[in-house]
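From a predicted model like this one, the values you see are computed outputs, not experimental measurements. Counting convention: from 1, in listed order, for ligands and their atoms alike.
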Amino acid sequence: MFLEEKSKVPKLGVNIDHVATLRQARGGLEPDPVEAALMCEKAGCDSIVAHLREDRRHINDKDVVGLRKEVETKFNLEMSMNPGIVDIALKIGPDQVTLVPEKRRELTTEGGLSVIKYEKRLSGITALFNKKGIDVSVFIDPDRDEIRSAIYIGIGIIEIHTGGYSLARDKRSQAKEFKKIKDSAEYAMSKGIIVNAGHGLNYTNVKQIASIKGISELNIGHSIISRAVFTGLYRAVKEMKLITCG
Ligand code: PXP
């Protein structure tokens with residue numbers, strides 16, 4: 001169980017979905033998200049996040065089996081409350097599940113999961129996972145009522161949706177979004193909840209979120225994989241040049 005852990009600086013969870021997105025573009029075997037996960041761990045990340053979507057647009061069933069087998073830090077499986085997905089997750093046994101809303105046509109997770117709306121269903125699903133020693137986190141908007149509802153049904157971990165903050169177009173609206181996140185995080189922490197955050201965080205906007213005292217973990221995917229293309233492209237071309245031109 002990772003629930004008891006509390007650290008002073010936020011841990012980094014790397015979401016490797018978009019390694020699989022690239023693989024799916026050709027429908028082959030590379031790049032392999034499991035291999036990517038191992039490299040992320042070697043680079044010092046604290047957990048690996050993967051979202052098994054109902055439409056399997058990137059991560060697939062074989063990936064989650066491989067990740068469960070190979071990930072040595074913490075395997076955080078992001079997922080909807082779909083019964084079929086819940087069954088798979090219970091079978092796979094990740095260290096943690098993060099429950100998110102899921103719409104088929106969205107490009108990425110668009111909003112937080114409403115704990116208020118799904119209180120009863122969430123409570124049942126949480127009990128199933130907890131019985132197996134799997135921690136449960138819910139991905140929610142920075143909203144006190146949602147946090148109160150999460151506390152009411154006994155959820156110990158929340159991930160605050162930072163999408164509004166990262167998509168803010170000007171300083172004023174970003175400051176407003178940041179305040180919502182900070183206030184919600186502090187409120188939840190004051191009630192003993194473990195608070196994580198993520199979505200849309202990148203190499204410039206992450207610092208402010210990381211400065212919120214007591215945040216346990218930041219989960220970041222797209223910006224890291226995007227950056228990896230450019231930090232790796234030079235070497236990839238050099239290597240191909242060497243092979244083709246000697
Ligand atoms: N946390 C959650 C719950 C998410 O749904 C996502 C997107 O899959 C992330 C973090 C990572 O977001 P991004 O890819 O924008 O960094």
| note | Numbered in order shown, the ligand 1 atoms found under 4.0 Å of a heavy atom of Val100 are 3 (C)

| note | In ligand 1, the atoms that come under 4.0 Å of a heavy atom of His222 are 13 (P), 14 (O), 16 (O)

| said: Please work out, at 4.0 Å between heavy atoms, whether the side chain, the backbone, both, or neither of His161 comes within that distance of ligand 1. | reply: neither

| field | Flag if over 12 foreign heavy atoms under 6.0 Å of OH, Tyr152 | value | no

| message | So for ligand 1, is Glu78 a polar contact partner (N or O within less than 3.5 Å, distance only)? | response | yes

| Between Ile158 and Ala150, what is the shortest heavy-atom contact and its length? | CG2-CB, 4.3 Å

| message | Can you name the atoms of ligand 1, numbered from 1 with element, that are less than 4.0 Å from a heavy atom of Glu159? | response | 1 (N), 2 (C), 3 (C), 10 (C)

| Distance only, no hydrogens: is a donor on one side chain within 3.5 Å (strictly under) of an acceptor on the other, for Glu159 and Asn219? | yes

| query | Any ion pair linking Asp95 and Arg68 (charged N to carboxylate O, less than 4.0 Å)? | reply | yes

| said: Looking at Lys74 and Asp46, is there a salt bridge between them, counting it only when a charged N and a carboxylate O are closer than 4.0 Å? | reply: no

| request: Quick one: look at His51 and ligand 1, take heavy-atom pairs under 4.0 Å, and tell me if it's side chain, backbone, both or neither. | output: neither

| Counting each atom of ligand 1 from 1 as listed, which ones have a heavy atom of Asn219 under 4.0 Å away? | 10 (C), 11 (C)

| Parallel, tilted or perpendicular: which describes the rings of Phe139 and His161, with under 30° parallel and over 60° perpendicular? | parallel

| said: Taking Asp55 first and then Arg57, would you say they form a salt bridge - that is, a charged N and a carboxylate O separated by under 4.0 Å? | reply: yes

| What atoms of ligand 1 come within less than 4.0 Å of a heavy atom belonging to Gly200? | 12 (O), 13 (P), 15 (O), 16 (O)

| query | Short list, please: which atoms of ligand 1 are under 4.0 Å from a heavy atom of Gly221? | reply | 11 (C), 13 (P), 14 (O), 16 (O)

| Can a donor-acceptor pair be found between the side chains of Ser166 and Asn205 at a distance below 3.5 Å? | no

| note | Here the atoms of ligand 1 under 4.0 Å from any heavy atom belonging to Asn15 are 8 (O)

| field | Close approach of Ser223 to ligand 1, heavy atoms, under 4.0 angstrom | value | no

